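Working notes, structure below.
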Amino acid sequence: MEYIVNLSIFSLLLGIPLIMGSFINFKPLKYSSLWGGIYGGIVSTILVFLSFQQEGYSYDIRYAAIILAFAYFGPAAGFITGSCALLIRLLSSAHWAPAITGWIIILLAFLAIHWLCSRCSPIKKSMIFFTAYVIIYVSTVPYIFNVFRDQPFFHFQYIVFVLLGLIMGVLLIESYLKLYRLNHRLSEMYKIVEESEAKYRLIAENTSDLILVVDKEFFGSYFSPSHKQVLGYELTDLVDTKLCRFMHPDDVEMFINSLVRMFEKGQSESIEYRVRHKDGRWIELESHCMPVKENDILVEHIVMISRDITERKKSEEILLQSEKLSIVGELAAGVAHEIRNPLTTIKGFVQLYKADNGSYSDLLLDELERIETITSEMLSLGKPQAIEVIRTDLRELLEKTIDLLSPQAHMHNIQFHFEYGESPLFITCGKNQLKQVFLNIFKNAIEAMPGGGNIYVRLEKPSDDMCTISIQDQGSGIPEELLPRLGEPFYSLKEKGTGLGLMICHKIIKQHNGTITYKSKENEGTLVEINLPVTDYGKKHGEDSLVS
């Protein structure tokens with residue numbers, strides 16, 4: 001019964017700090033060996049008070065606590081624990097000689113074992129310490145000190161008693177350490193998962209790409225916040241909504257077929273389609289779709305990472321247009337060069353023929369001049385021109401151009417109305433090239449009004465670094481769907497036009513870092529707006545009032 005009580009109290013004393021450590025997340029203590037020795041001393045002191053007496057000798061399991069202190073905290077802790085146990089043992093009972101001698105022998109043996117087995121685990125150390133303790137006990141107590149030599153079963157019981165205490169202590173400590181390491185590892189893994197989740201959330205919530213998770217019913221179960229920035233919809237309007245609702249009707253079938261194929265085959269694909277923005281315009285998206293398999297067999301979801309490629313498509317169209325212009329220019333230069341030489345000969349002989357027979361000569365000469373004009377335009381398109389850039393008063397340049405065309409305009413009952421600011425407006429440009437642009441646009445405006453009318457020309461400076469020339473006619477106008485094609489080679493709305501005139505205008509304006517745009521409706525006339533950068537001189541002047 002006394003053995004059972006001692007073992008129970010010993011287990012309780014060992015379990016108290018372990019249980020407290022499980023509930024309290026404390027940092028490792030400094031001088032843990034010292035604190036371990038002090039607590040071991042307290043435990044061994046309590047065990048001495050609980051010892052049972054046998055003919056003046058005191059028996060307890062304090063050496064189980066000493067062995068554990070040596071094995072888990074080192075020699076310093078073991079020495080403190082053993083010293084406390086010896087002191088209380090001397091105060092509580094007689095027979096000091098066996099107690100002191102036995103402690104000194106055990107201390108020296110444990111120090112030697114600790115030095116020899118420094119790399120062993122605490123469990124192995126505990127077993128080695130216990131073996132050394134048994135050898136020392138058996139060789140000293142019954143034989144040297146002649147204590148209960150005739151009661152070997154008593155000594156056997158006591159050794160088993162200490163062994164049980166040691167086993168219980170090792171089991172409790174190792175169980176706690178295993179759980180502590182497991183809990184620490186789980187905590188670290190949980191932190192890693194949290195950090196990863198936070199990083200993925202940070203990426204998903206701040207990327208400009210659209211991240212979307214689609215299920216088998218083609219519903220979106222997750223939309224990244226970038227959808228609101230790109231498409232204008234609130235996320236609540238998109239979640240649990242079929243994607244086809246926002247898609248261009250011409251792209252729906254292709255989109256559905258692609259998703260069905262990915263769900264069936266589990267292979268990634270890239271698709272392009274159009275989605276309606278909240279304001280009604282169409283956004284072109286390029287999506288990289290990655291099927292997500294469950295149990296490596298069935299595809300349950302598809303993750304779509306999309307990017308707005310509307311601007312890229314526009315850039316590709318501009319690049320394609322530039323390549324076409326380059327090819328057309330080279331072709332035009334070659335054709336014009338080959339045509340011009342025989343054309344000069346033909347024109348000369350027709351002029352000689354006119355002196356003798358003038359019946360159809362005027363008609364032939366008109367057509368030859370038209371061919372010559374076309375070849376000149378083709379040459380200016382295909383051959384790079386050296387531009388003499390000078391500082392020019394744009395108002396003066398426009399006035400001279402209007403004066404040049406005024407007689408032709410009066411013949412068609414057309415009036416020019418020029419509005420401009422009071423101060424000069426200077427730009428740096430190729431004067432002759434810009435004059436060619438204005439002449440071309442004014443001629444187009446005159447030809448668009450066979451019944452007469454007014455042409456309004458307005459020069460203003462809407463910002464410090466740009467000026468705008470607006471040319472509004474009262475002609476028949478141009479259908480809106482045809483406006484984007486203006487400036488393409490050989491595209492013209494005139495019966496005998498070539499389309500090269502406006503093409504050259506676009507090229508010249510682009511060389512001057514400007515832009516040219518058209519606004520028109522049928523039977524309401526056409527507005528041409530040209531924006532050009534001004535010089536520093538122009539920046540010093542504010543907005544001027546307009547005069548006619």
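Positions are given from 1, in the same order as the sequence printed here. Basis for what follows: all heavy atoms, side chains included, without hydrogens, waters or symmetry-related copies. These numbers come from a predicted model, not from an experiment.
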Stepwise side-chain contact (heavy atoms from CB on, under 4.5 Å) check, Lys228 with Tyr233: CA-CA 5 Å; Lys228 182 178 179 181; Tyr233 297 101; over 6 Å; no
Heavy-atom pair of closest approach, residues Arg274 and Asp250: NH2-CB, 3.7 Å
Spacing of CD1 belonging to Ile167 relative to OG belonging to Ser126, to within rounding of 0.5 Å: 10.5 Å
4.5 Å side-chain heavy-atom contact, Leu238 and Phe246: yes
Met262 side chain reached by Ser268 side chain, heavy atoms, under 4.5 Å: no
Derivation and outcome, salt bridge (Lys or Arg N to Asp or Glu O under 4.0 Å), residues Glu234 and Lys278: CA-CA 10 Å; Glu234 295 292 338; Lys278 191 174 183 179; 5.6 Å; no
Partner set under ring pair (Phe, Tyr, Trp, His ring centres under 6.0 Å) for Tyr273, not counting sequence neighbours: Phe255
side-chain contact (heavy atoms from CB on, under 4.5 Å) assessment of Glu300 paired with Lys293: CA-CA 6 Å; Glu300 295 294 330; Lys293 294 183 179 180; over 6 Å; no
Flag if over 12 foreign heavy atoms under 6.0 Å of CZ, Phe156: no
Minimum-distance pair of heavy atoms, taken over all atoms of Pro462 and Glu460: CD-O, 3.5 Å
Closest non-hydrogen atom pair between Gly220 and Leu212, with its separation: CA-CD1, 3.9 Å
Side chain to side chain, His248 and Asp251, heavy atoms closer than 4.5 Å: yes
Atom pair CG/OG of Asp308 and Ser226 - distance to nearest 0.5 Å: 11.0 Å
Smallest separation among heavy atoms of Leu532 and Gly514, with atom names: CD2-CA, 4.1 Å
Side-chain touch Ser463/Met466, heavy atoms, less than 4.5 angstrom: yes
Ser224 backbone acceptor or donor facing His227 side chain under 3.5 Å: yes
Stepwise side-chain contact (heavy atoms from CB on, under 4.5 Å) check, Met304 with Ile302: CA-CA 6 Å; Met304 300 177 62; Ile302 292 177; 4.0 Å; yes
Parallel, tilted or perpendicular, as decided by the 30° and 60° cut-offs, for the rings of Tyr133 and Phe130: tilted
Arg391 NZ/CZ over Phe426 ring centroid, <6.0 Å and within 45° of normal: yes
Other residues, nucleotides, ligands: >12 heavy atoms within 6.0 Å of Lys216 NZ: yes
Spatial distance of atom OG1 (Thr101) from atom CD1 (Ile136) [nearest 0.5 Å]: 12.0 Å
Close side-chain approach of Leu210 to Ile305, heavy-atom, < 4.5 Å: no
Minimum-distance pair of heavy atoms, taken over all atoms of Ile128 and Cys117: CD1-SG, 3.8 Å
Side chains of Asn531 and Thr468, donor plus acceptor under 3.5 Å: yes
Minimum side-chain heavy-atom gap Leu68-Leu166 below 4.5 Å: yes
Carboxylate-amine/guanidinium proximity below 4.0 Å for Arg261 and Glu269: yes
Shortest non-hydrogen contact between Ala71 and Pro122, atoms and distance: CB-O, 3.7 Å
Proximity of His277 and Trp282 rings by center, below 6.0 Å: no
Full working for side-chain contact (heavy atoms from CB on, under 4.5 Å) between Ile516 and His506: CA-CA 7 Å; Ile516 180 169; His506 279 248; 3.7 Å; yes
Over 12 foreign heavy atoms within 6.0 Å of CD, Glu188: yes
Flag, side chain of Ser175 to backbone of Leu171, donor-acceptor distance under 3.5 Å: yes
Report, one line per pair, each donor and acceptor closer than 3.5 Å where one atom sits in a side chain of residues 72-85; sequence neighbours left out.
from  : atom 1 : to     : atom 2 : distance (Å)
Tyr72 : OH     : Glu174 : OE2    : 2.7
Thr81 : OG1    : Gly37  : O      : 3.2
Thr81 : OG1    : Ala77  : O      : 2.9
Ser83 : OG     : Phe79  : O      : 2.7

Parallel, tilted or perpendicular: rings of Phe110 and Phe129 (30°, 60°): tilted
Within-4.5 Å side-chain heavy-atom neighbours: Arg312 and Glu286: yes
Spacing of CG belonging to Leu231 relative to CG belonging to Leu285, to within rounding of 0.5 Å: 6.0 Å
Nearest-0.5 Å distance, CE of residue Met189 to CG of residue Leu182: 9.5 Å
From CD1 (Ile427) to NZ (Lys461), nearest 0.5 Å: 13.0 Å
Pairwise side-chain contact, Ile106 with Ile66, heavy-atom cut-off 4.5 Å (strictly under): no
